[in-house]
Amino acid sequence: MKLHKKALITGITGQDGSYLAELLLSKNYEVHGIIRRSSTFNTSRLDHIYQDPHDPNPNLKLHYGDISDLGSLTKIMAETKPDEIYHLAAQSHVQVSFQIPDYTGNTTGLGTTRILEAIREHSPDVKFYQASSSEMFGNTPPPQNELSRFEPRSPYAAAKLYAYWISNIYREAYDLKICNGILFNHESPRRGGTFVTKKITQAVANIIAGKQKLLFLGNLDSSRDWGYAPEYVEAMWLMMQEDELSNYVIGTGQSYKVREFVEKAFNYVGLDWQKFVKIDKRYVRPVEVDDLCADSKKANENLNWNNKIDLEGLVAIMIDAELDNLSQNSPGLGEKIVSEHFENWHTWEKSGRII
């Protein structure tokens with residue numbers, strides 16, 4: 001079967017990159033990904049779709065490079081000649097950005113400029129997706145849409161805002177095909193362990209398995225619009241299929257406090273969260289963003305995109321995955337967990353999680 005298009009993904013080893021690679025492969029793309037050289041393997045999210053490089057026609061190909069190195073980006077772009085570039089790579093942890101602001105600015109902000117320069121010089125016809133962030137809105141009153149004011153309140157958000165504006169500038173100044181996807185929080189079982197949703201759902205599974213006693217968190221009163229990552233990478237792809245690329249806000253339109261996420265997660269396994277959660281000031285940001293909630297009307301109307309997974313569904317997906325992982329690594333643990341914490345045993349048994 002003839003391949004449809006070529007796509008290049010930065011950050012392909014991350015949560016969004018791995019789901020996007022899956023989606024594009026299902027649409028018969030030839031997918032290229034940029035990975036950083038490391039002394040340890042960092043491609044675990046791609047293992048299930050990895051192809052032997054000795055295959056004469058692999059649809060997934062990985063290239064060593066770095067968004068801090070313009071030369072490597074230009075070389076990869078010249079070799080792959082992509083039709084679409086999805087720029088997802090960044091230092092993406094808000095709290096960490098206060099500790100390493102210079103690195104965050106160099107990768108999250110200037111990394112975008114390097115790719116845009118490579119496009120301008122060598123591939124002016126390629127379509128480019130810039131992964132922007134709802135954190136750019138800061139404390140602008142919700143709901144936030146494409147016309148809302150930006151008020152970044154972290155080095156990460158400031159770097160993302162730079163990348164957003166430089167992408168707009170290159171689109172207008174050089175007539176390049178560029179879009180910004182301003183994605184609100186989107187989670188999945190592949191979320192990194194330092195992000196609050198993963199930290200919560202992983203802790204819930206560990207607590208009921210007897211592997212953890214307490215969960216330490218920071219501010220429980222900030223509100224976020226949480227969605228399911230695989231649905232959001234579909235929105236990325238839809239943006240790139242338009243003839244005239246533009247900017248889109250993507251989210252569910254519902255915001256919940258961190259406290260509510262915690263409560264729903266513990267309720268899912270029949271536990272009282274207040275018995276297990278403690279506040280640790282080390283996890284409180286120097287400057288907080290109070291409430292982010294997306295107004296995705298433009299995406300709903302122009303892209304026909306709507307989320308299908310709500311917060312309860314997201315919590316269930318993430319905790320189920322953690323429980324599955326524990327069950328696979330500890331024979332017999334799955335039956336013990338379900339018998340003690342789940343009333344609907346037969347649903348779990350039929351799902352194949354418990355053997």
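None of the values given here were measured: they were computed from a predicted structure.
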Colleague: Looking at K257 and L220, what are the two nearest heavy atoms and their distance?
Modeller: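 Shortest heavy-atom contact: CB-O, 3.8 Å.
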
Colleague: Return the set of residues passing side-chain hydrogen bond (donor to acceptor under 3.5 Å, both in side chains) with E312 (not counting sequence neighbours), or none when no residue passes.
Modeller: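 Testing E312 for side-chain hydrogen bond (donor to acceptor under 3.5 Å, both in side chains), a comparison that skips the adjacent residues, returns K264.
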
Colleague: Could I get the full list of ring pair (Phe, Tyr, Trp, His ring centres under 6.0 Å) partners for F276, not counting sequence neighbours?
Modeller: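 Counting only residues at least two positions away or on another chain, F276 forms a ring pair (Phe, Tyr, Trp, His ring centres under 6.0 Å) with F266.
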
Colleague: Between R282 and D280, does any side-chain N to carboxylate O distance fall below 4.0 Å?
Modeller: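 Salt bridge flag = yes for D280 with R282.
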
Colleague: Under 3.5 Å, side-chain donor or acceptor atoms of residues 150-158 against the rest of the protein: list the pairs with distances, not counting sequence neighbours.
Modeller:
residue: E151; atom: OE2; partner: R149; partner atom: NE; Å: 2.7
residue: E151; atom: OE2; partner: R149; partner atom: NH2; Å: 2.8
residue: R153; atom: NE; partner: E288; partner atom: O; Å: 2.7
residue: R153; atom: NH2; partner: E288; partner atom: O; Å: 3.3
residue: S154; atom: OG; partner: A157; partner atom: N; Å: 3.0

Colleague: Pairs in or reaching into residues 214-234: which pass ring pair (Phe, Tyr, Trp, His ring centres under 6.0 Å), with residues at least two apart or in two chains?
Modeller: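 As it turns out, the ring pair (Phe, Tyr, Trp, His ring centres under 6.0 Å) pairs with a partner in residues 214-234, which skip direct neighbours, are H186-Y232, W226-F261, Y232-W305.
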
Colleague: For E22, is there an ion pair with R190 - N to carboxylate O distance below 4.0 angstrom?
Modeller: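 Between E22 and R190 there is a salt bridge, with a charged N closer than 4.0 Å to a carboxylate O.
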
Colleague: Who are the side-chain hydrogen bond (donor to acceptor under 3.5 Å, both in side chains) partners of T74, not counting sequence neighbours?
Modeller: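 Per chain and number, T74 pairs via side-chain hydrogen bond (donor to acceptor under 3.5 Å, both in side chains) with no residue.
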
Colleague: Name all residues meeting the side-chain hydrogen bond (donor to acceptor under 3.5 Å, both in side chains) criterion together with D221; count only those two or more places apart in sequence or in a different chain, and write none if there are none.
Modeller: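 If we apply the side-chain hydrogen bond (donor to acceptor under 3.5 Å, both in side chains) test to D221, skipping adjacent residues, the hits are R259.
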
Colleague: Kindly write out the residues that satisfy salt bridge (Lys or Arg N to Asp or Glu O under 4.0 Å) with E260, not counting sequence neighbours, or none if the list is empty.
Modeller: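 E260 satisfies salt bridge (Lys or Arg N to Asp or Glu O under 4.0 Å) with no residue once adjacent residues are dropped.
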
Colleague: Could E117 and R114 be called an ion pair, given the rule that one side-chain N must be under 4.0 Å from one carboxylate O?
Modeller: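 No.
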
Colleague: Return the set of residues passing ring pair (Phe, Tyr, Trp, His ring centres under 6.0 Å) with Y248 (not counting sequence neighbours), or none when no residue passes.
Modeller: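 Scan of Y248 (ring pair (Phe, Tyr, Trp, His ring centres under 6.0 Å), adjacent residues dropped) gives none.
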
Colleague: Give me each pair satisfying salt bridge (Lys or Arg N to Asp or Glu O under 4.0 Å) with a member in residues 127-136, each pair once, sequence neighbours excluded.
Modeller: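 Non-adjacent pairs meeting salt bridge (Lys or Arg N to Asp or Glu O under 4.0 Å): E135-R224, E135-R285.
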
Colleague: Just to verify, what does Q274 make a side-chain hydrogen bond (donor to acceptor under 3.5 Å, both in side chains) with, not counting sequence neighbours?
Modeller: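 Expected list: none.
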
Colleague: Give me the atom names and distance for the closest heavy-atom approach of S72 to G65.
Modeller: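 Smallest heavy-atom distance, with atoms named: OG-CA, 3.8 Å.
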
Colleague: Could you pull out all residues at least two apart from F195 that satisfy ring pair (Phe, Tyr, Trp, His ring centres under 6.0 Å)?
Modeller: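 Partners of F195 under the ring pair (Phe, Tyr, Trp, His ring centres under 6.0 Å) test: H93.
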
Colleague: Taking ring pair (Phe, Tyr, Trp, His ring centres under 6.0 Å) as the definition, give me every residue that meets it alongside F98, ordered by chain and number, with sequence neighbours left out.
Modeller: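 Once residues adjacent in sequence are excluded, F98 has no partner under the ring pair (Phe, Tyr, Trp, His ring centres under 6.0 Å) criterion.
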
Colleague: What heavy-atom pair brings D290 and N139 nearest, and what distance separates the two atoms?
Modeller: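 Heavy atoms of D290 and N139 come nearest at N-OD1, 2.8 Å.
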
